[in-house]
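Down below is the structure, laid out as structure tokens.
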Amino acid sequence: MAKKYNVCVLGATGMVGKEMIKVLEEQDFPVDRFLPLASERTAGSKVTFKGKEYTVEEAKPESFEGIQIGLFSAGAKVSKVMAPEAAKHGCVVIDNTSQFRMDPEVPLIVPEVNPQAIKRHKGIIANPNCSTAQMVLPLKPIYDAVGIERIVVSTYQATSGWGKEAIAEMYEQTEKLLADPKAKITAKYIFKQIAFNCVPQIDSFTDNGYTKEEMKMYNETRKIFEDDKIQVSATCVRVPVAIGHSEAVNIKTRNKISVAEVRKLIAAFPTCKVVDDPAKGEYPTPIDCAGKNETFVGRIREDISQENGLDMWIVSDNLRRGAALNAVLIAERMIADKLI
Ligand code: L14
């Protein structure tokens, strides 16, 4: 009999937490005991796992007794307190918040890209930022084949990244403006009006003029590729899309590679899919990618402005690829590699 594991999902009532539960079911993850946890605010609500209803319990240090795997997505502040507590109880935490990503003691993992780093964990493993995760996937085979010196990326990020309140805000503003184009809009969760607009700010600003989200892409890409020479300049933009982040990515490779070769490499890379047929008008959009596990790549072309330059368009379901699925794939990888 294959081994089964006691698994908790902390943040079980949030968008990513719910997605984690769905992905555990879909992947038929070997769950023995299932424990949904949340902060005090949403504890007591119900979730369903494999047809059975569970009451979400409030996370306390002793909640992790006997739990082997913890998928955390209840915010950085909760992870800061609870992840070390869980680790103390022998629970391996796969943390989806930004709390530990750049901690040198904590591996930052996209399982198809840097699985070798998982074994260095000391109880906590970090899931990267969603925009970074979907970008490094199709870039990995190019990186391995010809090297990448620099990445310039602009993101078009869905409102779900900022939580269910942000999605609701987008629809409310849209309805209000459809009813009355002159309606006064006051932004609440997203920094500016998001309906019929785009907002070049995700997370707060840092001293160098980049936002935290943009600096996450810089720092996390370098950590995942274990390469502090790779240069990354990101502009992260919120767009009125519910699910699915898109990215216009420009790279400069060390050696030359043809577009045909890039298409072949990405198509052969696990969980990546090339949707790229300009003659037929085929390329991925977030609507096509929502609910899917793959990272979709289109618009692959040679950059006419520089030597060894390539442009491409990368789209993925931010709640899945960038969060829930990545976490479950890390756990699966640990089982396959007998690390748990
Ligand atoms: O760092 O699209 O994990 O709002 C994930 C969602 C950052 C913001 C993270 C978004 C967050 C992102």
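We count ligands from 1, going down the list as the structure has it; atoms in each ligand are counted the same way.
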**Report entry** Test item, Asn129 contacting ligand 1 (heavy atom, 4.0 angstrom)
**Finding:**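 Right, Asn129 reaches ligand 1.
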Report task. Run the contact test for Arg101 against ligand 1 with a 4.0 Å cut-off on heavy atoms, strictly below, and give the result. Result ->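 Checking ligand 1 against Arg101, which is what was asked, there is a heavy-atom contact under 4.0 Å.
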Report task. Give the numbers and elements of all ligand 1 atoms closer than 4.0 Å to a heavy atom of His245. Result ->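 Answer for ligand 1: 2 (O).
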Requested in this report: Answer yes when Asp28 and Lys50 have at least one side-chain N-carboxylate O distance shorter than 4.0 Å, and no when they do not.
Outcome: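 So Asp28 pairs with Lys50 through a salt bridge.
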What protein heavy atom sits nearest [atom], and how far off is it?
atom: atom 6 (C) of ligand 1; result: Gly161 O, 3.0 Å
atom: atom 8 (C) of ligand 1; result: Glu213 OE1, 3.3 Å
atom: atom 4 (O) of ligand 1; result: Arg238 NH2, 2.6 Å
atom: atom 1 (O) of ligand 1; result: Lys216 NZ, 2.7 Å
atom: atom 5 (C) of ligand 1; result: Cys130 SG, 3.7 Å

Report task. May I ask you to identify, for Ser131, whether its side chain, its backbone, both or neither come under 4.0 Å of ligand 1 on a heavy-atom basis? Result ->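 Within the 4.0 Å criterion, Ser131 makes no contact with ligand 1.
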Query raised in the report: side chain to side chain contact (heavy atoms under 4.5 Å, CB included) between Glu247 and Met217: does it pass, once the steps are laid out?
Result: CA-CA 12 Å; Glu247 303 177 329; Met217 294 193 79; 3.7 Å; yes
Report task. Indicate yes or no: does an N/O atom of Gln157 lie under 3.5 Å from an N/O atom of ligand 1? Result ->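 Between Gln157 and ligand 1, an N or O pair is found under 3.5 Å apart.
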**Report entry** Gly51 backbone acceptor or donor facing Thr48 side chain under 3.5 Å
**Finding:**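 Side chain of Thr48 to backbone of Gly51, a donor-acceptor pair under 3.5 Å: no, none is there.
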Requested in this report: Without swapping roles, check the side chain of Asp32 against the backbone of Lys4 for a donor-acceptor pair under 3.5 Å.
Outcome: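 No, the answer is negative, given that no donor and acceptor are paired below the 3.5 Å cut-off.
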Query - Glu149 side chain to Gln231 side chain, donor-acceptor N/O pair below 3.5 angstrom - result: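 No, because no side-chain N or O of Glu149 sits under 3.5 Å from a partner of the opposite role on Gln231.
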Query raised in the report: Would Gln157 and Glu213 count as a side chain to side chain contact (heavy atoms under 4.5 Å, CB included) if you check the C-alpha gap in whole Å, the side-chain angles of each, and the deciding distance to 0.1 Å?
Result: CA-CA 11 Å; Gln157 294 185 220; Glu213 181 78 350; 3.0 Å; yes
Query raised in the report: Mind checking whether Phe72 and Phe64 have ring centres under 6.0 Å apart?
Result: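 Under 6.0 Å, so yes.
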